[in-house]
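Here's the structure we're looking at; comments come further down.
Note that the numbering runs from 1 along the sequence shown for the chain. Numbering of ligands and ligand atoms starts at 1, following listing order.
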Amino acid sequence: MLTFHVITLFPELISTYTSTSVIGRGMKAEKLAVKTYNPRDFCADKYKKVDDSPYGGGAGMVLKPEPFFAAFESIEEETRANMPVLLMSPQGEPFTQKIAQELSEHSEIAFFCGHYEGFDERIRTLATREICIGDYVLTGGELASLVVIDAVGRLIPGVLGKIASVHEESFQDGLLEGPQYTKPIEFRGMSVPEILRSGDHKKISKWRHEQSLLRTMLRRPDLLERLDLSEADKKILADLERENS
Ligand code: ADE
């Protein structure tokens with residue numbers, strides 16, 4: 001069981017998504033749990049003020065530390081001490097499948113979702129890791145948390161129906177997935193490659209791997225540079241490059 005603890009001013013954004021979808025199914029199957037904590041509920045003042053103007057001047061508002069600390073500290077101390085605490089922000093490290101995999105080894109993960117202009121810098125001291133889901137600015141951290149929850153949740157055994165699909169898909173081995181086909185064999189003049197109909201599993205597996213390498217080379221050469229490719233794969237790529245140039 002993996003529990004996601006989400007500290008957010010908009011808990012309904014989180015629950016709307018997680019209660020449906022594959023993640024919702026994982027929750028029903030008791031493989032996943034999602035708990036939300038609204039800093040507004042932890043405000044000591046009667047106006048429930050969660051943000052204030054920035055010291056030093058400037059436009060916009062800054063999220064106050066007290067309600068965010070109090071929301072976080074409402075999580076049991078032992079849980080807090082041992083879990084990854086992710087602060088979602090465009091300034092974080094880029095989220096990848098590798099990070100999703102690492103996170104899926106934990107039984108509890110916390111998220112801080114920001115809004116408005118940003119967090120008071122002292123809130124950052126609660127986080128163990130700062131995560132960015134792409135080089136663009138969202139209106140809040142909720143969508144970013146949901147992206148991480150989705151990518152991590154689906155790796156938990158029993159959440160996806162067919163676990164084999166997790167191992168064959170894009171990024172799992174650092175490569176993009178190759179083309180897939182289903183019936184009919186012929187559709188609007190486009191046919192399913194002969195080899196996939198051959199029944200020769202060894203050949204099919206080799207073809208799929210080559211297609212994966214080819215697609216990655218054409219679409220995301222940056223991914224190949226980061227991989228420690230085998231000599232056999234390097235040769236396949238050199239041949240593919242020649243054929244496609
Ligand atoms: N909050 C706002 N923009 C974000 C992004 N790109 N990644 C993570 N959190 C964010």
- [ ] State whether the side chain of S205 and the backbone N or O of K202 hold a donor-acceptor pair below 3.5 Å, judged by distance alone.
- [x]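 No.
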
Under 4.0 Å between heavy atoms, the region of A144 that gets near ligand 1 turns out to be side chain

Using the six-membered ring wherever Trp is involved, compare the ring planes of F119 and F68 and label them parallel, tilted or perpendicular (cut-offs 30° and 60°).
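Judged by the thresholds at 30° and 60°, the geometry between F119 and F68 is perpendicular.
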
Would you please determine whether I131 falls within less than 4.0 Å of ligand 1 on a heavy-atom basis?
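Judged by the 4.0 Å heavy-atom criterion, I131 does count as contacting ligand 1.
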
Would you check if the distance from the ring center of F112 to the ring center of F72 is below 6.0 Å?
yes

One finds that the ligand 1 atoms under 4.0 Å from a non-hydrogen atom of G134 are 6 (N)

Q.
So for atom NZ, which belongs to K49, do other residues, nucleotides or ligands contribute more than 12 heavy atoms lying within a distance under 6.0 Å?
A. yes

Heavy-atom nearest neighbour in the protein, as seen from [atom], with distance rounded to 0.1 Å:
| atom | value |
| --- | --- |
| atom 3 (N) of ligand 1 | L138 N, 3.0 Å |
| atom 6 (N) of ligand 1 | Y136 O, 2.8 Å |
| atom 9 (N) of ligand 1 | S89 N, 3.1 Å |
| atom 7 (N) of ligand 1 | I133 N, 3.0 Å |

- Starting at NE2 of H5, measure out to CG of L86 and round the result to the nearest 0.5 Å.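 Rounded to the nearest 0.5 Å, the NE2-CG separation comes to 11.5 Å.
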
To the nearest 0.5 Å, atom CD of E66 lies from atom CG of D52 at 9.0 Å

